[in-house]
Each structure stands twice: as structure tokens, then as C-alpha cells.
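As C-alpha cells, the structure follows; a few thoughts come after it.
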Amino acid sequence: MEKIQAIRGTKDILPENIYQWHFLFDKFNEISNRFNYTEIRTPIFEKTEVFHRSIGEATDIVNKEMYTFTDKGGESVTLRPEATAALVRSIIQNSLNHESPILRLWYFGPFFRYERPQKGRLRQFHQYGAELIGSPNPEADIEIILLAIELIKSIGINGYTLLINSLGNEQSRANYRIALIDYLKNNSENLSTESRTRLEVNPLRVLDSKDENDLKVLENAPAIIDSLDSESRTHFDMVLKGLEEIGINFEISNKLVRGLDYYSHTVFEFRSNYLGSQDSFGGGGRYDGLFEQLGGKATPAVGFAFGIERLLLILEQIGGLPINNQHIDYYFILQKSDYYNYAQNIANKLRQLGKSVVVEILRRSFKAQMREANKIAARFAAIVGESEFLESTITLKNLNDSAQQTMSVEAFLNSLK
RNA sequence: GCGGAAGUAGCUCAGUCGGUAGAGCAUCAGAUUGUGGCUCUGAGGGUCGUGGGUUCGAGCCCCAUCUUUCGCCCCA
């Protein structure tokens, strides 16, 4: 029989690594709580429309990266490529923002994009993200960035770059778009072919190009910041001032535009030198127009997301992965397999007292059982031989200092209560 | 979607000029009868990613395909 392989770009999270995921989840849960954010879980698939109406028809995500299929009822559904659109759908549907003007949410889960796999880029990947719904003010932008930074700090990552930019409000963006198209069209003969097509479909994305000739052209391109109207400019300035005064380091990048259409005003991205080609491990921004696009009433919001696999890659590179400190308290060693029920009975009482306990089930030799106890780093070998079995006792051997004593089962259990 | 590299034991890797595969670690067992770690001895485990082709003969050469990886693209 031929072996079956996992689907391309998907990865098993193996038992030997799962503690790393628990570590991240626990830290993020804890820090989110400190900021008064609550976890939300939405389905991993949605009506395709949710993403079409939000992410943008012209974006790569919608154009070529979505896992879209027709279900048996004829409905077009899509495995979520990101969270924000689905969350907004849920908030509107459940009227989550009706009880209070402000809603603070976080999420953790799998997402799907049909891309060519690479290190740090999987077809099923995981994100942690947070959304702050209800405030149009720069205070919200500052809070969400601060949360992101505290999360990174909590898992021990210090070396990274925070890039920030403003796309301005709708009017500012429209103005800039015209100015940029104008400029790029005048210089189109110097642009790469890809940038020329992007100029037609999604001109802001040309700013992201790494092509050398494109970069030359872009040197003199109009900057978004110059197209911002006073409202947008003030918003951005207040965000920057806030970050400065709170002591957050950042770099302004007037070329940062990000690949989802729903962003407005503040956009930001976290980059690391440890990731190679996929150097961004988190990003987000403000999306004041999204609620309306998804049929809700106008609601301002900011949010961001981290790529969990990328965070783990960074931790691995900097030697920052946590130590797996899972341990076993007692390993039950049976001289004869006949003593299994006797042992398992005691073992389970120990478990009820909060101990982690394993009982031999392979009928191995005494020596092999001792080896096993040692290998899994049990604190004690709990030995059941003929005399223990007959006298209702248990022999405990401390595997650190080899000290050994025999006592009645009753006395042993009582000593732990 | 485009270009480059790589796939041999559970893991890390050797494998000469084409002659049906090796090491270390890991696993398992043993070294006088109820005692681990160190040491020693031994054993099991591979259709050489998959499918074709060339050849008397392919891990090695050729083609295709799958997967991983690097860069592009994109993004978390």
C-alpha cells in the first residue's frame, strides 16, 4: 500500500511540539485578558461573499489564494483566508456591539490560503489576532499597537521592526490614488511588466515592489502622507505622538500599503530578520469602512494579526523556545503482570490526588521497566513485587537520589492528602 | 503562478567507475534469579519519494510526477 501524505502546505503539529503552541496560546490569553480582550471563535468557513465584499476583488488573496468550493446545497463557501471579515460578520449578526460602544476581541486558529508553500508560508497556517471595535480615535490605534507589542514581549521576542504608515480616509486615499496613477503612468516605460499590470488593477500595490527599476521610479513618486487631508493627518500625527510618548519604537514607511482593500488610516507591520523571504510576522490597521461593506452600520475599528508559525520560527532562531517541563510523578513497575490491577488501582488514586502516573502495560522485564521509568524522567519508580502485593504495600524509589522505602499503601496515600 | 536546489532506516547523513545498501543516534533484547542512568554485546528496521525509460544489471544515468526548500510573487 502506498503511503498517504498530508496535503501540500499543511503540517502536523506533533506531540513533541505541542507544548510550544500551548505556551503561545497561554501567554496570548493572559496578555489579552490584561487588556480586557475576550476570545471569540468563528467557523473556519464562511459564505464566499464575506471575503469578496471585504478583502477586495482585486487583491491576490481573493483572486488566486482562496479555497473556494460549492457545497452540496449549491452554496459557494470559502475556507477563511483571514479573520477580520468573518469577525465583523459575526459581530453584526450577533449584535455584539450593541450592549457597549466598545468591543475588544481576540482569536486564535487556522487559516487557509492556496499559495506556493515555503518556510513560514503554509496553506493552512495559524494566526492570533485582536480587534478593537467602536472607536474612531487614535487612542484605539495606540491601544491595539501596544497590545501587539506586549504580546511579542511576553513570548521573549525583542528584535524586530515596527513599520507604520497612514492611508488616510477615503477621500485622501482617492486623491492619492489619482496622483500616484498619474505619476506612474508618466513613468510606465521604466516599470516592470508586473507593476504595469498592477497599475491597472491595484495601483497602491506597486509601492510594494522590490524590483530595482521600480524602486528607482518610486523614489520620486508622490508619498501618501502628502495627500492626507487635515483630518487624516491629525489622526496619524496623534498616533505617532502617542507611540513616541509611550516609548514604542517605530519606523514610518510611506510605502507600506498592505494587501487587503479594507484598510484606512493607520496600517502597520512587524518584520523580523530571522524569517528570510517571509519577513513579516504580524500586521494590521484600521478598517473604518468594513462594517458597512458587510451590511452593518458604520463602525470604526482597528485590529492586527500575528502568524503563529512565523513567531515560532523566530523563537527557534533566537533559541527562545520554551522548555518542555512536562514530567511524570510515578512509574509503576510490576514484577509480574498479575499485579497490574493492584497497581492501577493505587495509580488512579494518585491521579485523583493530582499526580501524573503511568503503569507498565508491556509486561517487560524488571530492568526494562526501570529503564523506561528513567527515560521518561519519572520522579519515582513505584515498585510492585510479590511482597508488596501480598502485604498491601508499595516500594517507592526516588530516581534522583536512589533512596528507596517501602510503606503501606494506606499510609502512602494519606501522606499525600 | 515563475525560476533554482534537494529527497537513502524513526532522526542526522555516507554510499567510489552503474554490480540488488551502510554508520552514528534512537528503538528492542541480553550481561546469574526484584532495581534505572555509565559501559559492553546482540537484534529488528529501508521496494533508496513515486511512476516510467536506458542497461545483462540503476540509490547512481534519462524523463515525468509528488513533496520539501531558496528566491520571485504575496502575506501572517
Side-chain angles (χ1 to χ4, degrees), chain A residues 1-11 14 16 55 59-65 80-84 107-129 148 192-195 197-198 202 205 208-212 214 256-260 268-272 275-284 303-314 331 333-336 339 362 364-389 395-404 406:
Chain A
M1 284 292 273
E2 207 176 315
K3 282 184 210 161
I4 300 177
Q5 285 189 315
I7 288 179
R8 186 177 194 198
T10 68
K11 226 167 140 181
L14 301 174
E16 65 194 44
I55 297 172
T59 61
D60 280 2
I61 293 181
V62 166
N63 269 332
K64 47 186 198 191
E65 295 174 4
R80 60 184 188 183
E82 60 105 46
T84 306
Y107 58 85
F108 189 111
F111 295 89
F112 307 84
R113 288 182 203 172
Y114 190 87
E115 295 182 270
R116 176 121 169 202
Q118 225 173 83
K119 191 164 73 172
R121 189 172 75 185
L122 298 165
R123 288 184 173 181
Q124 176 176 342
F125 58 101
H126 296 76
Q127 288 189 340
Y128 163 97
S192 62
T193 43
E194 280 177 50
S195 284
T197 40
R198 273 191 298 202
N202 201 348
R205 294 227 58 83
D208 255 357
S209 176
K210 288 174 194 159
D211 182 274
E212 268 184 46
D214 289 355
L256 181 68
V257 292
R258 303 188 52 76
L260 293 84
F268 56 94
E269 199 166 300
F270 293 93
R271 290 192 189 164
S272 166
L275 293 173
S277 178
Q278 316 301 323
D279 63 348
S280 155
F281 64 89
F304 71 91
F306 287 135
I308 302 300
E309 284 83 355
R310 290 184 186 180
L311 290 175
L312 287 172
L313 280 174
I314 295 173
Y331 191 92
I333 292 175
L334 316 179
Q335 189 199 350
K336 288 167 68 183
Y339 308 146
L362 267 179
R364 280 178 284 195
S365 69
F366 203 97
K367 179 178 287 204
Q369 295 182 59
M370 282 300 290
R371 263 201 271 260
E372 175 72 9
N374 186 61
K375 198 179 73 186
I376 66 174
R379 294 202 164 134
F380 291 93
I383 298 168
V384 179
E386 189 177 17
S387 59
E388 286 86 354
F389 177 71
T395 296
L396 296 170
K397 177 165 186 169
N398 184 321
L399 292 180
N400 286 324
D401 59 16
S402 298
Q404 180 170 322
T406 303

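A note on names: the letters A, B, ... follow the listed sequences, proteins ahead of strands, and every chain is numbered from 1. Please read all numbers here as calculations on a predicted model, not as lab measurements.
- Scanning both residues, A:Phe125 and A:Glu309, for their nearest heavy atoms gives CA-OE2, 3.5 Å.
- Across the strands present, B:C72 finds its partner in B:G1; the criterion is a Watson-Crick or G-U wobble pair with both atom distances under 3.5 angstrom.
- Scanning all heavy atoms of the two residues, the minimum distance from A:Tyr331 to A:Gln369 falls at CE2-O, 4.1 Å.
- Using a 4.0 Å heavy-atom cutoff across all strands shown, A:Gln369 reaches no nucleic acid atom at all.
- Rounded to an integer number of Å, the gap from CZ of A:Phe366 to P of B:U35 is 6 Å.
- For A:Arg116, the salt bridge (Lys or Arg N to Asp or Glu O under 4.0 Å) test picks out no residue, with sequence neighbours left out.
- The shortest distance between the side-chain N/O atoms of A:Arg121 and the OP1/OP2 oxygens of B:A76 is not below 4.0 Å.
- For B:G46, there is no paired base (Watson-Crick or G-U wobble, both distances below 3.5 Å).
- The minimum heavy-atom distance linking A:Ile333 with A:Ala373 is given by the pair CD1-CB, 4.4 Å.
- Taking atom P in both B:A21 and B:C25, the straight-line distance is 23 Å, to the nearest Å.
- By the 4.0 Å N-to-carboxylate-O rule, A:Glu269 lies close enough to A:Arg271 to be salt-bridged with it.
- B:C40 is paired with B:G30 under the criterion used here, namely a Watson-Crick or G-U wobble arrangement in which both key atom distances are under 3.5 Å.
- Using a 4.0 Å heavy-atom criterion, one finds that A:Ile383 contacts the bases of the nucleic acid, with or without backbone contacts as well.
- Here the shortest heavy-atom pairing between A:Arg80 and A:Pro110 reads NE-O, 2.8 Å.
- Residues A:Phe111 and A:Glu82 come closest through the heavy atom pair CE2-C, 3.4 Å.
- Contact of A:Lys367 with B:U35 (side chain to base): no donor-acceptor pair of N or O atoms is detected under 3.5 Å.
- Residue A:Glu386 is classed as a base contact, given a heavy-atom separation below 4.0 Å to a base.
- Rounded to a whole angstrom, the distance from the P atom of B:C28 to that of B:C61 is 38 Å.
- Pair check for B:U35 finds none; no Watson-Crick or G-U wobble contact set falls under 3.5 Å.
- Taking atom P on both B:A58 and B:A6, the two are 23 Å apart, rounded to the nearest angstrom.
- The residue A:Gly120 sits close to a base: some heavy atom pair falls under 4.0 Å.
- Nucleotides B:A31 and B:G49 are separated by 41 Å at their C1' atoms, to the nearest Å.
- Contacts of A:Leu312 with the nucleic acid, taken as non-hydrogen atoms under 4.0 Å apart, are absent.
- Taking the side chain of A:Thr395 as heavy atoms from C-beta on, and the options B:A76, B:U35, B:C72, the nearest nucleotide is B:U35.
- Across the P atoms, B:C56 and B:U69 are found 41 Å apart, a figure rounded to whole Å.
- Taking the ring centre of A:Phe281 as origin, the terminal cationic atom of A:Arg310 falls outside the region bounded by 6.0 Å and 45° from the ring axis.
- Base pairing of B:A6: its partner is B:U67, meeting the Watson-Crick or G-U wobble criterion (both donor-acceptor distances under 3.5 Å).
- For A:Pro117, taking side-chain heavy atoms from C-beta onward, the closest of the listed nucleotides B:G34, B:G71, B:U68 is B:U68.
- Atom P of nucleotide B:C75 and atom CD of A:Glu65 are separated by 7 Å, given to the nearest angstrom.
- Using P as the reference atom, B:A5 and B:A9 are 23 Å apart when rounded to the nearest Å.
- Contacts of A:Gly9 with the nucleic acid, taken as non-hydrogen atoms under 4.0 Å apart, involve only primed sugar atoms and P, OP1 or OP2.
- Atom name C1', nucleotides B:A26 and B:U65: the rounded distance is 33 Å, in whole Å.
- Two residues, A:Arg310 and A:Gly385, neighbour RNA chain B, and the one matched to the more 5' nucleotide by heavy-atom proximity is A:Gly385.
- Where A:Tyr114 and A:Gly283 meet RNA chain B, the nucleotide closest to each residue was compared, and A:Tyr114 sits on the side nearer the 5' end.
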Next item on the list: Please assess A:Leu122 against A:Lys11 for the test side chain to side chain contact (heavy atoms under 4.5 Å, CB included), listing each intermediate value before the final yes or no.
Entry: CA-CA 8 Å; A:Leu122 298 165; A:Lys11 226 167 140 181; 4.2 Å; yes

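- Remark: C1' of B:A76 and CZ of A:Arg271 are 12 Å apart, rounded to the nearest angstrom.
- Per the geometry, CG belonging to A:Asn374 stands 7 Å off P belonging to B:G37, to the nearest Å.
- A donor N or O paired with an acceptor N or O is not found under 3.5 Å between the base of B:G34 and the side-chain atoms of A:Gln404.
- Stacking of A:Phe125 onto the six-membered ring of B:A76 is present: less than 5.5 angstrom between centres, less than 30° between planes.
- A salt bridge is absent between A:Glu386 and A:Lys336: the closest approach of a Lys/Arg side-chain nitrogen to an acidic carboxylate oxygen does not fall below 4.0 angstrom.
- Checking B:A14 for Watson-Crick or G-U wobble geometry (two distances, each under 3.5 Å) identifies no partner in any strand.
- With both ends at atom P, the span from B:G59 to B:A76 equals 47 Å, rounded to whole Å.
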Next item on the list: Scan nucleotides 4-11 of chain B nucleotide by nucleotide, 5' to 3', and note B when protein non-hydrogen atoms come under 4.0 Å of the base, S if they reach only the sugar-phosphate, - if neither.
Entry: --------

Atom pairs under 3.5 Å, N or O on each side, protein against nucleotides 24-29 of chain B: can you list them with distances?
from  : atom 1 : to       : atom 2 : distance (Å)
B:U27 : OP1    : A:Lys375 : NZ     : 3.4

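- If you check every strand for non-hydrogen atoms under 4.0 Å, A:Glu388 touches a base.
- Separating the NZ atom of A:Lys11 from the C1' atom of B:U67 is a distance of 14 Å, rounded to the nearest angstrom.
- A:Thr10 approaches A:Ile7 most closely through the heavy-atom pair OG1-O, 2.6 Å.
- Proximity of the aromatic rings of A:Tyr128 and A:Phe108 is defined here by a centroid distance below 6.0 angstrom, and this criterion is not met.
- Using N1 to N3 plus N6-O4 or O6-N4 for Watson-Crick, or N1-O2 and O6-N3 for G-U wobble, each under 3.5 Å, B:A58 pairs with nothing.
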